[in-house]
Amino acid sequence: CARGWAKARPYFEIALEPIVSSGVPWAAVLGNHDCVSMMYERMNRTARDNMKGHIMQWMSSLNNSIVEPGPLLGSSLGNYRIPVFGRRDHAGRDAVLGGSNKTMLNIYLLDSGAGVTGHTFQPQQVEWATREYDAVNALALPDEAPVALAFTHAPISEFGDAIKAG
């Protein structure tokens, strides 16, 4: 596990260097290719989980990172939510980004595969995202639920279905 990470880390450093050095807060989501160079598919489940844990912990330690190692859900570890807060502007209107404790947007990052499963989501991930979404919306006023966006490593097949349907 550690030997595989030692081989892969320089590639992650090269890929992330521009955003890390930019001074801009950033996040990343894992997917099915993050451990391919480490023969991820041949690792036992514990080793795979540990490898993704190493990657998430390392990314969360980098400058301006808002990456958060998420809960282990099936064979997926890179699931987390980023709340984007807002504040009132000088006229008292909501939705100016940057300040208070009012969540204006929730960004859900979902690990779209564990190497062996391809670009798939597991039931535990869907249940987690649903619980997170419901918990956030339960705190909102009826007409003020925050907008939600989801980012994944690879598009889900339903995007193709939507494009075909027009």
Side-chain angles (χ1 to χ4, degrees), residues 1-85 97-98 101 103-137 146-162:
C1 185
R3 194 174 79 231
W5 175 236
K7 287 182 177 181
R9 183 174 169 165
Y11 297 102
F12 277 88
E13 289 172 344
I14 290 167
L16 293 174
E17 192 282 327
I19 191 68
V20 170
S21 65
S22 73
V24 174
W26 62 276
V29 64
L30 297 180
N32 66 314
H33 293 281
D34 295 307
C35 298
V36 170
S37 66
M38 296 163 267
M39 293 191 226
Y40 189 74
E41 289 83 0
R42 295 183 189 169
M43 293 179 179
N44 66 43
R45 180 181 171 151
T46 301
R48 287 193 309 262
D49 296 345
N50 287 341
M51 185 56 60
K52 284 214 171 182
H54 283 297
I55 295 168
M56 292 297 291
Q57 287 292 338
W58 175 75
M59 286 193 305
S60 70
S61 73
L62 297 174
N63 289 339
N64 304 305
S65 171
I66 53 175
V67 171
E68 292 183 24
L72 179 61
L73 303 168
S75 59
S76 169
L77 190 64
N79 305 287
Y80 58 106
R81 177 179 63 86
I82 300 171
V84 178
F85 300 102
L97 297 180
N101 61 356
T103 304
M104 304 305 295
L105 168 70
N106 281 293
I107 303 171
Y108 296 86
L109 293 98
L110 301 169
D111 180 347
S112 58
V116 292
T117 58
H119 307 296
T120 60
F121 294 99
Q122 298 173 18
Q124 299 94 322
Q125 290 175 275
V126 175
E127 292 164 7
W128 170 83
T130 301
R131 280 193 312 272
E132 285 283 313
Y133 180 83
D134 290 345
V136 167
N137 287 340
V147 174
L149 293 173
F151 286 92
T152 65
H153 165 75
I156 58 176
S157 61
E158 288 79 2
F159 283 116
D161 297 342

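Everything numeric here is computed off the predicted structure, so don't read it as measured data. For the single chain, residues carry numbers from 1 onward in sequence order. Because only heavy atoms are used, hydrogens play no part in the values below, and waters and symmetry mates are left out as well, while side chains stay in.
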Quiz prompt | Leu16 side chain reached by Trp58 side chain, heavy atoms, under 4.5 Å | solution = yes
Practice problem: Determine, stepwise, if the pair Val136 / Arg81 fulfils side-chain contact (heavy atoms from CB on, under 4.5 Å). | Solution: CA-CA 10 Å; Val136 167; Arg81 177 179 63 86; 3.6 Å; yes
Quiz item: Do the side chain of Asn79 and the main chain of Asp111 share a donor and acceptor less than 3.5 angstrom apart?
Solution: yes
Quiz item: Just wondering, do Leu105 and Pro146 contact through their side chains at under 4.5 Å, heavy atoms?
Solution: no
Show which side-chain atoms of residues 23-31 pair as donor or acceptor with protein atoms under 3.5 Å away, not counting sequence neighbours.
unit_1: Trp26; atom_1: NE1; unit_2: Asn63; atom_2: O; d: 2.9

Quiz item: When rounded to the nearest 0.5 angstrom, what is the spacing between CD in Gln57 and CD in Glu68?
Solution: 11.0 Å
Quiz item: Rounded to the nearest 0.5 Å, what separation is found between the CE atom of Met56 and the OG atom of Ser61?
Solution: 11.5 Å
Exercise. Over all heavy atoms of both residues, which pair between Ser21 and Pro18 is shortest? Give the atoms and the distance, please.
Key: OG-O, 3.3 Å
Quiz prompt | Heavy-atom pair of closest approach, residues Ser60 and Ser65 | solution = CA-OG, 3.5 Å
Self-check item: Single hit among Thr152, Ile82, Val67 for side-chain contact (heavy atoms from CB on, under 4.5 Å) with Leu109
Solution: Ile82
Quiz item: Parallel, tilted or perpendicular: which fits the ring planes of Tyr133 and Tyr108, with parallel below 30° and perpendicular above 60°?
Solution: tilted
Quiz item: Counting N and O atoms only, with roles assigned by atom type, does the side chain of Thr130 sit under 3.5 Å from a partner on the main chain of Val126, one being a donor and the other an acceptor?
Solution: yes
